[in-house]
Visitor: 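Mind looking over this structure? Questions follow.
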Amino acid sequence: MPQHTNWQSLKIFTTRNEVQHYLNEQKKAGRTIGFVATMGALHQGHISLIHEASKLTDCVVCSIFVNPTQFNDPADLEKYPRPIDADINLLKQTSCEVLFNPGVKEIYPEPEDWHIDLGSIENILEGKFRPGHYQGVTQVVNKLFNIIKPDLAFFGQKDFQQCMIISKMTALLKTPLQIYVNPIIRDEDGLALSSRNVHLSLEERKHATILSKTLFYISKNFDIKKLESLKHEAIDKINQEAMVELDYFEILNSNTLEPISDLENDPLIALVAAKVGKTRLIDNIILR
Ligand code: AMP
């Protein structure tokens, strides 16, 4: 059984030395470490990862760090929400024991080169629309893994391609930890929770639900013989929605994110990305 301390005792660290000192003590006491990496503006999607982490590990660490190297659009980085007081209050109501909330200088004391060969998965879907994004993501997640040294790390299926890329990175670098992928948490209207949803106007929010509605429609009417026509129907539905500009809608092999090669047996996922007004949203659903 995981050994948790009282929820009121959230420890907040901003330097790697402090957090490492605390976690080393916990490890010496035989406690396992679960890690949830976030960029803050916490919502129930993040909290679901913390709950899962606390079921499986003794000491849950959440990081909040808006990583500049994964933003290819400076305006997106600038306007990324940073409600740190609300985040701390929310974390205090969970079983999270440690918040690691470093500044940029703590993570990047000096400019550094980073490149990891992720193969073709880096340049499709999100990688195609956000060049360099996954180099930045792997750079910061690898740094955080090296600081926290968790036994288990928890990520959301919402960022499906990111989960695959982080798994690939840990395999390449032989990082000794296990990765857990948790289901997507949605609002009542189906919209996948995202820190970026705060940027949506009421009107935009209504139109944004076309993404999850279309994914649910595809899942409900899934028929492998009609895959191409279903995909076109999905694209038409999204294109017809006001205020929504589609980046991609794809149905791919969920093990590889490559095109389907075996219609009968490949595991399948539908993935979508679109701008709603100025806010870019992503979503997906496992079909088979
Ligand atoms: P972010 O703060 O957006 O970088 O997300 C931090 C972690 O929370 C990532 O592993 C995300 O995949 C996960 N996450 C974000 N939104 C959701 C959601 N709606 N449901 C489940 N997990 C999520």
Side-chain angles (χ1 to χ4, degrees), residues 36-49 63-87 90 104 123-137 140-141 155-163 165 182-218 234-250 257 269-285:
V36 177
T38 83
M39 297 206 299
L42 300 180
H43 51 65
Q44 289 304 315
H46 299 117
I47 302 302
S48 73
L49 301 183
S63 65
I64 296 183
F65 180 65
V66 183
N67 174 39
T69 70
Q70 72 190 66
F71 285 79
N72 54 320
D73 174 3
D76 190 23
L77 172 62
E78 176 76 21
K79 71 170 190 216
Y80 200 85
R82 291 166 167 88
I84 189 65
D85 293 340
D87 285 350
L90 193 56
V104 174
N123 299 315
I124 57 169
L125 305 168
E126 287 306 286
K128 183 172 161 196
F129 283 87
R130 305 180 69 187
H133 174 62
Y134 287 122
Q135 288 301 328
V137 168
V140 76
V141 172
F155 292 88
Q157 182 201 317
K158 158 108 183 330
D159 298 273
F160 189 85
Q161 189 178 7
Q162 171 172 282
C163 294
I165 282 186
N182 274 38
I184 302 175
I185 305 298
R186 301 177 178 282
D187 248 327
E188 276 169 20
D189 60 5
L191 185 68
L193 296 185
S194 163
S195 305
R196 289 191 161 87
N197 291 353
V198 296
H199 295 313
L200 297 169
S201 68
L202 272 180
E203 191 64 16
E204 286 168 345
R205 220 205 119 88
K206 279 186 209 142
H207 292 292
T209 57
I210 189 64
L211 303 184
S212 54
K213 278 188 194 131
T214 306
L215 291 172
F216 296 149
Y217 175 84
I218 297 286
I235 291 172
D236 285 347
K237 274 181 195 293
I238 298 170
N239 279 336
Q240 279 160 25
E241 188 74 20
M243 300 181 138
V244 178
E245 191 191 319
L246 184 64
D247 276 351
Y248 60 78
F249 183 97
E250 296 285 355
L257 286 184
I269 183 168
L271 306 109
V272 64
K275 278 197 233 41
V276 181
K278 287 192 174 140
T279 307
R280 192 166 179 282
L281 302 176
I282 59 173
D283 201 350
N284 65 73
I285 200 162

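Since the model is a prediction, treat every value here as computed from it, not as a measurement.
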Visitor: Any side-chain heavy atom of Leu271 sitting closer than 4.5 Å to one from Ile282?
Guide: no
Visitor: Once ring pair (Phe, Tyr, Trp, His ring centres under 6.0 Å) is applied, do any residues pair with Phe71, and if so which ones, sequence neighbours excluded?
Guide: Tyr80
Visitor: List the atom of Ala192, the atom of Lys158, and the distance in Å for their closest heavy-atom pair.
Guide: CB-CD, 3.8 Å
Visitor: Looking only at heavy atoms, what is the nearest atom pair of Gly40 and Asp87, with distance?
Guide: CA-OD2, 3.5 Å
Visitor: Give, for atom OG of Ser194 and atom CG of Asp159, the distance between the pair rounded to the nearest 0.5 Å.
Guide: 8.0 Å
Visitor: In Å and rounded to the nearest 0.5 Å, what is the CD to NE2 distance from Gln162 to His133?
Guide: 6.0 Å
Visitor: Can you name the side-chain contact (heavy atoms from CB on, under 4.5 Å) partners of Ala41, sequence neighbours left out?
Guide: Pro81, Pro83, Ser195
Visitor: State the CZ-CD1 distance between Phe249 and Ile218, to the nearest 0.5 angstrom.
Guide: 4.5 Å
Visitor: May I ask you to test the Tyr217-Ile210 pair for a side-chain heavy-atom distance under 4.5 Å?
Guide: no
Visitor: Using a 4.5 Å cut-off on heavy atoms from C-beta on, say whether the side chain of Leu281 contacts that of Leu200.
Guide: yes
Visitor: Tell me every residue that passes side-chain hydrogen bond (donor to acceptor under 3.5 Å, both in side chains) with Gln161, counting only those two or more places apart in sequence or in another chain.
Guide: Tyr134
Visitor: Does the side chain of Val141 come within less than 4.5 Å of Ile165's, by heavy atoms?
Guide: no
Visitor: For Thr69, which residues count as a side-chain contact (heavy atoms from CB on, under 4.5 Å) partner, sequence neighbours excluded?
Guide: Asn67, Tyr108, Gln139
Visitor: Can you find a pair of side-chain heavy atoms, one from Ile269 and one from Leu257, that are under 4.5 Å apart?
Guide: yes
Visitor: Can you list the residues that meet the side-chain hydrogen bond (donor to acceptor under 3.5 Å, both in side chains) rule with Lys213, with sequence neighbours excluded?
Guide: Thr209
Visitor: If I take atom OG from residue Ser201 and atom NZ from residue Lys278, how far apart are they, to the nearest 0.5 angstrom?
Guide: 11.5 Å
Visitor: Can you name the salt bridge (Lys or Arg N to Asp or Glu O under 4.0 Å) partners of Glu250, sequence neighbours left out?
Guide: Lys231
Visitor: Testing the basics here: between Ser48 and Asn182, what is the closest heavy-atom pair and its distance to 0.1 Å?
Guide: O-ND2, 3.5 Å
Visitor: Can you give the donor-acceptor pairs under 3.5 Å from side chains of residues 238-246 to other protein atoms, not counting sequence neighbours?
Guide:
residue : atom : partner : partner atom : Å
Asn239  : ND2  : Ile235  : O            : 3.4
Glu241  : OE2  : His207  : ND1          : 2.8

Visitor: Please check if the side chain of His43 supplies one atom and the backbone of Asn197 the other of a donor-acceptor pair under 3.5 Å.
Guide: no
Visitor: What closest approach, in Å, do Gly45 and Leu193 show between heavy atoms, and which atom pair accounts for it?
Guide: N-CD1, 3.7 Å
Visitor: Once rounded to the nearest 0.5 Å, what's the spacing between atom CG of Asn72 and atom CG of Leu77?
Guide: 10.5 Å
Visitor: Could you pull out the closest heavy-atom pair between Gly190 and Phe216, with the gap in Å?
Guide: CA-CE1, 4.3 Å
Visitor: For residues Ile64 and Leu42, determine if any side-chain heavy atom of one lies less than 4.5 Å from a side-chain heavy atom of the other.
Guide: yes
Visitor: With Asp189, which residues qualify under side-chain hydrogen bond (donor to acceptor under 3.5 Å, both in side chains), at least two apart?
Guide: Arg205
Visitor: Of all residues at least two apart in sequence or in a different chain, which pass the salt bridge (Lys or Arg N to Asp or Glu O under 4.0 Å) check with Arg196?
Guide: Asp76
Visitor: How would you list, by chain and number, every residue that makes a side-chain hydrogen bond (donor to acceptor under 3.5 Å, both in side chains) with Asp283, sequence neighbours excluded?
Guide: Arg186
Visitor: Partners of Asp247 by side-chain contact (heavy atoms from CB on, under 4.5 Å), sequence neighbours excluded?
Guide: Phe129, Ala273, Lys275, Arg280
Visitor: Is the number of heavy atoms from other residues, nucleotides or ligands within 6.0 Å of NZ (Lys128) greater than 12?
Guide: no
Visitor: List for me each residue that meets side-chain contact (heavy atoms from CB on, under 4.5 Å) alongside Lys206, sequence neighbours excluded, and say none if there are none.
Guide: Glu203
Visitor: How many angstroms lie between CD in Gln44 and CG in Asp187, if you round to the nearest 0.5 Å?
Guide: 10.0 Å
